[in-house]
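Index from 1, following the sequence.
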Amino acid sequence: MEPIYITSRNNPLVISLAGLSDKKERDRAGLYIVEGFKSCEQACGLGQVEYVLLREDRTGDSAYADLVSRCGGKQVVLSTAAYQKVTQDRTPDGILFVLRAESAKLPADMTGERICILDGIQNPGNVGTILRSAAALGVDRVILHDCADVHHQKVLRATMGAYFKISISLCTDLFGLIVQLRKAGRRVIAAALSSGGLVLGRDPLYPTDCLIFGNEGHGIADTIIRVCDTTVKIPMTDKAESLNAAAAAAVLLWEQSTLEKE
């Protein structure tokens with residue numbers, strides 16, 4: 001298929017795709033943007049590419065041409081000015097994919113999946129970093145409740161392509177989800193500084209445990225903690241009150257992954 005060439009910033013397609021920077025428009029269209037060669041390469045072959053946009057100065061690059069030929073989407077070459085209207089990257093490298101959003105509903109059966117839950121994490125960078133850590137440390141599914149939009153560019157950029165290697169679901173009823181998991185025999189553990197719970201390094205975290213990580217400032221609500229099996233905290237010196245949400249998640253997920261290998 002021959003690519004479409006667009007030079008004008010006011011082209012209807014350019015205007016429409018530029019609107020995907022807004023969450024409401026992403027939700028309405030069922031589309032989102034992934035930018036950068038490495039992230040696009042991770043998304044290639046998944047069958048979700050609606051459009052591949054290439055900046056005109058990249059048309060002679062063999063690596064970019066090969067990626068474009070493999071992606072399966074409608075090919076659009078944009079002038080530098082038109083590309084600049086669509087991109088959300090400060091230093092764009094000249095290629096982006098427009099992808100169809102998959103269903104983020106929770107599956108009926110999560111038996112056998114290693115799961116972690118994010119509750120109210122609003123910083124897109126933290127959400128993306130946790131997704132990256134989760135993928136690296138063997139988590140099968142990350143469930144988000146009241147978090148930053150998973151299709152926000154800062155989230156996608158922070159995952160470094162791990163977004164496409166892990167299952168991601170959205171949850172509107174966290175209380176109900178915890179009850180469901182516990183009924184299925186899973187231990188649900190809230191990462192919190194509460195006294196009387198588990199202490200990392202002293203008490204084991206098993207692969208079947210479902211860890212919950214909370215909001216950067218307020219943590220996990222007491223109403224949610226009370227319905228969990230217990231809490232877990234990371235022992236620290238008195239030089240800091242707490243860890244960044246993404247750092248705490250990485251530490252706990254790593255500890256959990258070491259038991260999985262034993």
Side-chain angles (χ1 to χ4, degrees), residues 23 104 106 113-163 165-175 177-178 181 186-203 205-207 209-259:
K23 182 182 185 304
L106 283 167
E113 289 188 335
R114 188 172 160 209
I115 295 167
C116 77
I117 301 168
L118 311 187
D119 177 31
I121 297 182
Q122 296 300 311
N123 183 289
N126 281 339
V127 172
T129 301
I130 294 173
L131 289 173
R132 182 181 180 185
S133 296
L137 296 171
V139 173
D140 299 302
R141 183 176 303 277
V142 178
I143 300 171
L144 284 73
H145 172 258
D146 194 28
C147 292
D149 178 27
V150 74
H151 293 140
H152 191 292
Q153 275 301 302
K154 289 183 179 179
V155 172
L156 294 167
R157 196 174 299 123
T159 71
M160 293 295 291
Y163 172 88
K165 305 295 184 180
I166 194 168
S167 296
I168 300 170
S169 296
L170 303 182
C171 167
T172 57
D173 179 12
L174 182 55
F175 185 96
L177 173 64
I178 294 170
L181 290 169
R186 307 291 287 269
R187 190 169 64 155
V188 182
I189 303 172
L193 297 174
S194 307
S195 59
L198 306 179
V199 177
L200 192 68
R202 184 193 73 187
D203 305 301
L205 294 174
Y206 299 107
D209 292 336
C210 303
L211 299 174
I212 302 181
F213 305 104
N215 176 270
E216 294 89 345
H218 307 293
I220 302 169
D222 289 340
T223 53
I224 294 299
I225 291 177
R226 282 196 290 269
V227 78
C228 293
D229 287 279
T230 186
T231 61
V232 61
K233 66 179 178 181
I234 301 170
M236 294 181 292
T237 70
D238 59 4
K239 295 179 181 179
E241 291 184 1
S242 63
L243 290 174
N244 168 275
V251 170
L252 288 163
L253 292 173
W254 179 84
E255 179 74 10
Q256 188 183 35
S257 73
T258 61
L259 278 182

May I have all residue pairs that pass salt bridge (charged side-chain N to carboxylate O under 4.0 Å, His left out) and include part of residues 213-240, sequence neighbours excluded?
-> Arg182-Asp229

Separation between CG of Leu144 and CG of Leu174, rounded to the nearest 0.5 Å = 11.0 Å

Euclidean distance, Leu253 CG relative to Leu137 CG, rounded to 0.5 Å | 6.0 Å

Can you tell me if Ser257 uses its side chain to pair, donor with acceptor, with the backbone of Trp254 under 3.5 Å?
-> yes

Report the C-alpha distance between Asp140 and Ser167 in whole Å, list the side-chain angles of each, state the deciding distance to 0.1 Å, and finish with yes or no for side chain to side chain contact (heavy atoms under 4.5 Å, CB included).
-> CA-CA 6 Å; Asp140 299 302; Ser167 296; over 6 Å; no

Identify, with sequence neighbours excluded, every residue that meets side-chain hydrogen bond (donor to acceptor under 3.5 Å, both in side chains) alongside Arg132.
-> none

Taking every heavy atom of Val155 against every heavy atom of Pro124, the minimum-distance pair comes out as CG2-O, 3.4 Å

Atom CG in Leu131, atom SG in Cys147: separation rounded to 0.5 Å?
-> 9.0 Å

Which residue pairs pass the side-chain hydrogen bond (donor to acceptor under 3.5 Å, both in side chains) test when at least one of the two sits in residues 142-153, sequence neighbours left out?
-> Arg26-Asp149, Asp119-His145, His151-Tyr163

CD1 on Ile220 to CD1 on Ile117, rounded to 0.5 Å = 9.0 Å

Hey, does the side chain of Arg187 reach the backbone of Thr230 with a donor-acceptor pair shorter than 3.5 angstrom?
-> no

Where Cys116 and Phe213 come nearest, the two heavy atoms and their spacing | CB-CE1, 4.1 Å

Heavy-atom donor-acceptor pair, Glu255 side chain to Leu200 backbone, under 3.5 Å | no

Reported CG-to-CD1 distance for the pair Leu252 and Ile212, which is rounded to 0.5 angstrom | 12.5 Å

Do you know which two heavy atoms are closest between Val127 and Ile121, and how far apart they sit?
-> CG2-O, 3.5 Å

Heavy-atom closest contact (Ile143 atom, Leu106 atom, distance) | CD1-CD2, 3.6 Å

For Ala158 and Gly125 the tightest heavy-atom approach is CB-O, 3.8 Å

In terms of heavy-atom contacts, Ile166 and Ala135 come closest through CD1-N, 3.7 Å

First locate atom CG of Leu181, then atom CG of Asp209, and finally report the distance between them rounded to the nearest 0.5 Å.
-> 11.0 Å

